[in-house]
Amino acid sequence: AQSVSQHNHHVILSEAASLELGCNYSYGGTVNLFWYVQYPGQHLQLLLKYFSGDPLVKGIKGFEAEFIKSKFSFNLRKPSVQWSDTAEYFCAVNGPHGGGYNKLIFGAGTRLAVHP
Amino acid sequence: NAGVTQTPKFQVLKTGQSMTLQCAQDMNHNSMYWYRQDPGMGLRLIYYSASEGTTDKGEVPNGYNVSRLNKREFSLRLESAAPSQTSVYFCASRPGGQSYEQYFGPGTRLTVT
(Lines give C-alpha, C1' and ligand atoms only; values in the text may rest on other atoms or scores of the structure.)
Protein backbone atom coordinates (compact mmCIF):
# COMPACT_ATOMS: atom_id res chain seq x y z
CA ALA A 1 0.00 0.00 0.00
CA GLN A 2 1.06 3.55 -0.60
CA SER A 3 2.48 5.28 2.42
CA VAL A 4 4.10 8.48 3.55
CA SER A 5 6.56 8.44 6.44
CA GLN A 6 7.45 11.41 8.56
CA HIS A 7 10.44 10.48 10.65
CA ASN A 8 10.01 12.81 13.60
CA HIS A 9 6.76 12.88 15.52
CA HIS A 10 7.83 15.64 17.90
CA VAL A 11 10.54 18.26 17.45
CA ILE A 12 11.50 20.89 20.00
CA LEU A 13 13.71 23.79 18.95
CA SER A 14 14.81 27.13 20.26
CA GLU A 15 14.12 30.26 18.26
CA ALA A 16 16.67 30.90 15.49
CA ALA A 17 17.58 27.20 15.24
CA SER A 18 17.46 25.55 11.84
CA LEU A 19 14.71 23.09 11.00
CA GLU A 20 14.60 20.03 8.81
CA LEU A 21 11.60 17.69 8.83
CA GLY A 22 11.88 14.44 6.95
CA CYS A 23 9.29 12.99 4.57
CA ASN A 24 9.60 9.82 2.50
CA TYR A 25 7.01 8.25 0.25
CA SER A 26 6.73 4.76 -1.13
CA TYR A 27 5.61 5.29 -4.76
CA GLY A 28 7.45 5.15 -7.99
CA GLY A 29 6.43 7.15 -11.00
CA THR A 30 5.31 10.73 -11.23
CA VAL A 31 4.12 12.18 -7.94
CA ASN A 32 2.94 15.52 -6.64
CA LEU A 33 4.18 16.50 -3.19
CA PHE A 34 2.83 18.87 -0.58
CA TRP A 35 3.59 20.21 2.86
CA TYR A 36 0.67 21.48 4.90
CA VAL A 37 0.82 23.29 8.25
CA GLN A 38 -1.78 23.28 11.01
CA TYR A 39 -1.42 26.02 13.63
CA PRO A 40 -2.98 25.30 17.02
CA GLY A 41 -6.77 25.21 16.75
CA GLN A 42 -6.77 25.98 13.04
CA HIS A 43 -7.33 24.13 9.79
CA LEU A 44 -4.66 22.89 7.43
CA GLN A 45 -3.01 25.43 5.16
CA LEU A 46 -0.77 24.76 2.20
CA LEU A 47 2.86 25.61 2.91
CA LEU A 48 4.37 24.58 -0.42
CA LYS A 49 4.00 22.11 -3.25
CA TYR A 50 6.07 20.37 -5.92
CA PHE A 51 4.65 19.25 -9.24
CA SER A 52 7.63 19.40 -11.61
CA GLY A 53 10.68 21.47 -12.52
CA ASP A 54 13.19 22.82 -10.00
CA PRO A 55 13.37 20.27 -7.17
CA LEU A 56 14.02 23.03 -4.63
CA VAL A 57 10.66 24.59 -3.87
CA LYS A 58 10.11 27.77 -1.89
CA GLY A 59 6.92 28.29 0.08
CA ILE A 60 5.40 30.81 2.42
CA LYS A 61 6.98 32.12 5.64
CA GLY A 62 10.55 31.26 4.60
CA PHE A 63 10.00 27.50 4.26
CA GLU A 64 11.51 25.45 1.46
CA ALA A 65 11.57 21.78 0.51
CA GLU A 66 13.80 19.67 -1.69
CA PHE A 67 12.50 16.82 -3.82
CA ILE A 68 15.09 14.05 -4.20
CA LYS A 69 13.59 11.50 -6.56
CA SER A 70 16.28 8.86 -6.02
CA LYS A 71 15.60 8.91 -2.28
CA PHE A 72 11.80 9.23 -2.55
CA SER A 73 12.12 12.19 -0.20
CA PHE A 74 10.67 15.66 0.16
CA ASN A 75 12.20 17.21 3.28
CA LEU A 76 11.02 20.53 4.67
CA ARG A 77 13.57 23.12 5.81
CA LYS A 78 13.73 26.54 7.37
CA PRO A 79 17.05 28.22 8.23
CA SER A 80 15.82 30.04 11.35
CA VAL A 81 12.56 29.16 13.11
CA GLN A 82 10.37 31.56 15.08
CA TRP A 83 8.03 30.96 17.99
CA SER A 84 5.13 31.49 15.56
CA ASP A 85 6.22 28.37 13.62
CA THR A 86 4.91 26.22 16.47
CA ALA A 87 2.46 23.97 14.65
CA GLU A 88 1.91 20.50 13.25
CA TYR A 89 3.37 19.82 9.81
CA PHE A 90 2.01 17.23 7.38
CA CYS A 91 3.61 15.84 4.28
CA ALA A 92 1.22 14.59 1.57
CA VAL A 93 1.60 12.87 -1.77
CA ASN A 94 -0.57 11.91 -4.69
CA GLY A 95 0.41 9.65 -7.51
CA PRO A 96 -0.62 7.03 -10.04
CA HIS A 97 -1.25 4.24 -7.54
CA GLY A 98 -4.37 3.36 -5.58
CA GLY A 99 -7.00 6.05 -6.10
CA GLY A 100 -4.74 8.01 -8.37
CA TYR A 101 -4.16 11.72 -8.49
CA ASN A 102 -7.60 12.43 -7.07
CA LYS A 103 -6.48 11.54 -3.56
CA LEU A 104 -3.81 12.76 -1.17
CA ILE A 105 -2.05 10.37 1.18
CA PHE A 106 -0.90 12.11 4.36
CA GLY A 107 1.91 11.33 6.72
CA ALA A 108 1.24 11.09 10.45
CA GLY A 109 2.47 14.61 11.07
CA THR A 110 5.30 16.24 13.02
CA ARG A 111 4.55 18.47 15.98
CA LEU A 112 7.02 21.33 16.18
CA ALA A 113 7.37 23.35 19.37
CA VAL A 114 9.60 26.43 19.22
CA HIS A 115 10.70 27.94 22.51
CA PRO A 116 11.58 31.64 22.80
CA ASN B 1 -14.96 34.22 -0.46
CA ALA B 2 -15.61 32.13 2.64
CA GLY B 3 -13.68 29.19 1.16
CA VAL B 4 -14.67 25.90 2.77
CA THR B 5 -17.14 26.11 5.63
CA GLN B 6 -18.21 23.36 8.02
CA THR B 7 -21.01 23.06 10.54
CA PRO B 8 -21.17 22.40 13.40
CA LYS B 9 -17.81 23.31 14.97
CA PHE B 10 -18.33 21.05 17.97
CA GLN B 11 -20.71 18.18 18.67
CA VAL B 12 -21.20 15.65 21.45
CA LEU B 13 -23.22 12.54 20.67
CA LYS B 14 -24.25 9.51 22.65
CA THR B 15 -23.46 6.07 21.26
CA GLY B 16 -26.10 5.10 18.70
CA GLN B 17 -27.20 8.63 17.84
CA SER B 18 -27.03 9.87 14.29
CA MET B 19 -25.91 13.18 12.85
CA THR B 20 -24.88 14.87 9.64
CA LEU B 21 -21.83 17.07 9.23
CA GLN B 22 -22.27 19.77 6.63
CA CYS B 23 -19.63 21.15 4.28
CA ALA B 24 -19.92 23.83 1.62
CA GLN B 25 -17.41 25.56 -0.66
CA ASP B 26 -17.86 28.72 -2.68
CA MET B 27 -14.82 28.33 -4.95
CA ASN B 28 -16.62 26.43 -7.73
CA HIS B 29 -14.41 23.42 -7.06
CA ASN B 30 -15.23 20.09 -8.65
CA SER B 31 -13.82 17.68 -6.04
CA MET B 32 -14.64 17.46 -2.36
CA TYR B 33 -13.29 15.29 0.46
CA TRP B 34 -14.00 14.20 4.02
CA TYR B 35 -11.11 13.32 6.34
CA ARG B 36 -10.78 12.39 9.95
CA GLN B 37 -7.79 13.44 12.03
CA ASP B 38 -6.68 11.38 14.99
CA PRO B 39 -3.56 11.92 17.12
CA GLY B 40 -0.47 10.29 15.63
CA MET B 41 -2.34 9.12 12.52
CA GLY B 42 -2.42 12.21 10.33
CA LEU B 43 -5.45 12.66 8.11
CA ARG B 44 -7.27 9.65 6.76
CA LEU B 45 -9.68 9.90 3.87
CA ILE B 46 -13.23 8.75 4.61
CA TYR B 47 -15.02 9.49 1.33
CA TYR B 48 -14.49 11.77 -1.61
CA SER B 49 -16.44 13.12 -4.54
CA ALA B 50 -14.37 13.67 -7.67
CA SER B 51 -17.21 15.58 -9.31
CA GLU B 52 -20.86 16.39 -8.76
CA GLY B 53 -22.89 13.19 -8.87
CA THR B 54 -20.07 10.81 -7.92
CA THR B 55 -18.79 9.56 -4.58
CA ASP B 56 -16.10 7.02 -3.73
CA LYS B 57 -14.81 5.34 -0.60
CA GLY B 58 -11.54 6.37 0.91
CA GLU B 59 -9.33 4.62 3.42
CA VAL B 60 -11.79 4.45 6.36
CA PRO B 61 -15.40 4.53 5.07
CA ASN B 62 -17.03 2.10 7.51
CA GLY B 63 -19.77 3.68 9.63
CA TYR B 64 -20.15 6.72 7.36
CA ASN B 65 -22.24 7.77 4.38
CA VAL B 66 -21.94 10.82 2.19
CA SER B 67 -24.10 12.89 -0.12
CA ARG B 68 -22.88 15.27 -2.80
CA LEU B 69 -25.97 17.42 -2.71
CA ASN B 70 -24.81 19.76 -5.47
CA LYS B 71 -21.51 21.20 -6.64
CA ARG B 72 -21.15 23.31 -3.48
CA GLU B 73 -22.20 20.91 -0.75
CA PHE B 74 -20.88 17.57 0.49
CA SER B 75 -22.31 16.11 3.69
CA LEU B 76 -21.08 13.30 5.92
CA ARG B 77 -23.55 11.21 7.89
CA LEU B 78 -22.97 9.00 10.90
CA GLU B 79 -25.97 6.68 11.12
CA SER B 80 -25.17 5.14 14.51
CA ALA B 81 -22.29 6.88 16.23
CA ALA B 82 -19.66 4.86 18.08
CA PRO B 83 -16.91 6.02 20.48
CA SER B 84 -14.33 5.04 17.82
CA GLN B 85 -15.71 7.86 15.69
CA THR B 86 -14.58 10.47 18.20
CA SER B 87 -12.29 12.59 16.06
CA VAL B 88 -11.82 15.89 14.29
CA TYR B 89 -13.44 15.89 10.86
CA PHE B 90 -12.16 18.04 8.03
CA CYS B 91 -13.78 18.76 4.72
CA ALA B 92 -11.64 19.81 1.78
CA SER B 93 -12.11 20.75 -1.85
CA ARG B 94 -9.94 21.13 -4.95
CA PRO B 95 -10.60 22.66 -8.34
CA GLY B 96 -10.22 19.39 -10.25
CA GLY B 97 -8.31 18.52 -13.40
CA GLN B 98 -4.60 19.02 -12.86
CA SER B 99 -5.01 21.35 -9.88
CA TYR B 100 -4.16 18.94 -7.10
CA GLU B 101 -3.86 21.08 -3.98
CA GLN B 102 -6.72 20.79 -1.55
CA TYR B 103 -8.27 23.58 0.50
CA PHE B 104 -9.47 22.71 3.97
CA GLY B 105 -12.34 23.80 6.17
CA PRO B 106 -12.01 24.67 9.88
CA GLY B 107 -13.02 21.23 11.14
CA THR B 108 -15.71 19.70 13.35
CA ARG B 109 -14.67 18.26 16.70
CA LEU B 110 -16.94 15.29 17.44
CA THR B 111 -17.06 13.41 20.72
CA VAL B 112 -19.08 10.22 21.05
CA THR B 113 -19.72 9.08 24.63
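Chain letters run A, B, ... following the sequence lines, proteins first and then strands; every chain starts at 1. All values below come from the heavy atoms of this structure, side chains included, with hydrogens, waters and symmetry mates left out.
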A:Phe51 CZ to B:Gln98 CD distance, which is reported to the nearest 0.5 Å: 9.5 Å
Which region of B:Leu43, side chain (C-beta onward) or backbone (N, CA, C, O), has a non-hydrogen atom less than 4.5 Å from a non-hydrogen atom of chain A, or is it both or neither? both
Cluster question for you: counting only ILVMFWY and a side-chain heavy-atom cut-off of under 4.5 Å, with indirect links fine, are A:Leu112 and A:Trp35 together? yes
So B:Glu101 and A:Tyr36, side chain to side chain contact (heavy atoms under 4.5 Å, CB included) or not? Walk me through it. CA-CA 10 Å; B:Glu101 63 191 80; A:Tyr36 280 85; 4.2 Å; yes
Same cluster (ILVMFWY, side-chain, under 4.5 Å), A:Val11 and A:Phe63: yes
Could you see if A:Ile105 belongs to whatever hydrophobic cluster contains A:Phe72? Use Ile, Leu, Val, Met, Phe, Trp, Tyr and a side-chain cutoff under 4.5 Å. yes
With clusters defined by side-chain heavy atoms of hydrophobic residues (ILVMFWY) lying less than 4.5 Å apart, directly or transitively, does B:Tyr103 cluster with A:Leu46? no
Does atom CD1 (A:Ile68) have a neighbourhood of more than 12 heavy atoms from anything else shown, all under 6.0 Å? yes
Test side-chain contact (heavy atoms from CB on, under 4.5 Å), reference B:Tyr100, set A:Asn102, A:Leu104, A:Asn94, output is A:Asn94
Write down the atom of A:Ala108, the atom of B:Gly40, and the distance for their closest heavy-atom approach. CB-O, 3.4 Å
Tell me, side chain or backbone of A:Gln6 under 4.5 Å from chain B's heavy atoms, or both, or neither? neither
With side chain to side chain contact (heavy atoms under 4.5 Å, CB included) as the criterion, how do B:Tyr48 and A:Lys103 come out once you've worked through the C-alpha distance, each side chain's angles and the decisive distance to 0.1 Å? CA-CA 8 Å; B:Tyr48 69 103; A:Lys103 302 198 292 189; 3.3 Å; yes
Among B:Gly58, B:Gly105, B:Ser31, who wins on heavy-atom pairs under 4.5 Å with chain A? B:Gly105
Assess whether atom CZ of A:Arg111 is packed by more than 12 heavy atoms of other residues, nucleotides or ligands within 6.0 Å. no
Report which part of B:Arg109 has an atom under 4.5 Å of a heavy atom belonging to chain A: side chain, backbone, both, or neither. neither
Part of B:Gln37 within contact of chain A (heavy atom distance under 4.5 Å): side chain
Which pair of non-hydrogen atoms, one from B:Phe90 and one from A:Gln38, has the smallest distance, and what is that distance? CZ-NE2, 3.3 Å
Can you say whether A:Leu44 sits under 4.5 Å from chain B via the side chain, the backbone, both, or neither, judging by heavy atoms? both
Count I, L, V, M, F, W, Y as connected when their side-chain heavy atoms are under 4.5 Å apart, and connections chain through other members. Are B:Leu110 and B:Phe104 then in the same cluster? no
